[in-house]
Amino acid sequence: MLVLELTETEKVIKIVDELNKLYKIREFVNKDPYKVLVRTILSQRTRDENTDQATKNLFGKYKNIYEIVDAPTDDVEELIRCSGFYRVKAARIKEVSRILIDQYGGEVPDNLKELVELPGVGRKTANCVLVYAFELPAIPVDTHVHRISNRIGLVNTKTPEQTEVELAKIAPKELWIKLNDLMVQFGQTICKPMSPQCEMCPISDICDYC
DNA sequence: AAAACGGGGGC
DNA sequence: GCCCCAGTTTT
């Protein structure tokens, strides 16, 4: 069988295309920047099911930033308990909310520089806000994106930030917005960290991992 | 019972 | 870069 020789850019296009047949691009909490930010903090080192449940619990009771900043911390902790790391996350959410109200008029900044200055917001979380709330081109690199990109030989990097830089070079900009969400779903269901289900992988023809 | 897991921060 | 943090899931 003829082995296709694709450029890295062509590989990205193919990967997005194939994964897009399998998974839907999700729209997180109606692109409300504050809710996206909170949901993303809740998602840190956490699976989707638990993230979604915690997000529902929290915003089911407290509607916006002003209600959350005044909410009792133990109640917030209880509502988001199912997402794990709930004490840290509750503290971060309340701290960030306070800062946004005090310094940004209750709005979420739409640029990387100001976002990463917020406590509990690193590069991955900030990029998620830019992509999912503001629809700006950014590539949130979590461990799924980092692992998969390296596993299939798309990049050869050591840190997530290096992966972000390399992916930005080879991926067409209009695809950036899809990369994280597709790879996360792929990483949770097929290209898993420990036991990848290579037999049902839609992109095995461009991957020699197995 | 470990070890790993959709990060972030402090040093 | 290394280590710590801290609930949950997987091995």
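Since we're looking at a predicted model, the values are computed, not measured. Sequence lines set the chain letters: A, B, ... in the order given, protein chains first and strands last, and positions in each chain run from 1.
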Indicate, with a heavy-atom threshold strictly under 4.0 Å, whether [X] touches base, sugar-phosphate, or nothing.
X        : answer
A/Pro119 : sugar-phosphate
A/Thr143 : sugar-phosphate
A/Ile80  : nothing
A/Asn180 : base
A/Val145 : nothing
A/Val184 : base

Closest-nucleotide ordering on DNA chain C, the 5'-leading residue of A/Met194 and A/Ser83: A/Ser83
N/O donor-acceptor pair under 3.5 Å between A/Asp110 side chain and A/Leu130 backbone: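 Checked: no pair found.
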Selected nucleotide, minimal atom distance to [X] side chain, candidates [options]:
X        : options              : result
A/Arg45  : B/dG8, C/dC5, C/dT9  : C/dC5
A/Asn50  : C/dT11, C/dG7, C/dT8 : C/dT8
A/Pro193 : B/dC5, C/dT11, B/dG8 : B/dC5
A/Arg47  : B/dG7, C/dT10, C/dA6 : C/dT10

Measure the distance from [atom1] on [X] to [atom2] on [N] and round it to the nearest whole Å.
X        : N     : atom1 : atom2 : result
A/Ile93  : B/dG8 : CD1   : C1'   : 14 Å
A/Arg123 : B/dG9 : CZ    : P     : 13 Å
A/Phe85  : C/dG7 : CZ    : C1'   : 6 Å
A/Asp142 : B/dC5 : CG    : P     : 12 Å
A/Lys89  : B/dG9 : NZ    : C1'   : 16 Å
A/Arg87  : C/dC4 : CZ    : P     : 20 Å
A/Lys192 : B/dA3 : NZ    : P     : 22 Å
A/Gln188 : C/dT8 : CD    : P     : 17 Å

Just by distance, no angles: are the side chains of [X] and [Y] close enough, under 3.5 Å, to form a donor-acceptor pair?
X        : Y        : result
A/Lys89  : A/Thr46  : yes
A/Glu114 : A/Asn111 : yes
A/Asp181 : A/Tyr23  : no

Can you work out whether A/Leu118 or A/Ser43 has the more 5'-proximal nearest nucleotide on DNA chain B?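 Of the two residues, A/Ser43 wins.
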Of A/Phe59, A/Tyr34, A/Phe28, A/Tyr132, the one forming a side-chain contact (heavy atoms from CB on, under 4.5 Å) with A/Arg39 is A/Phe28
Closer than 4.0 Å, any side-chain N/O of A/Ser195 to the OP1 or OP2 of C/dT11? yes
Does CG in A/Asp70 sit with more than 12 non-hydrogen atoms of other residues, nucleotides or ligands closer than 6.0 Å?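 Above 12, so yes.
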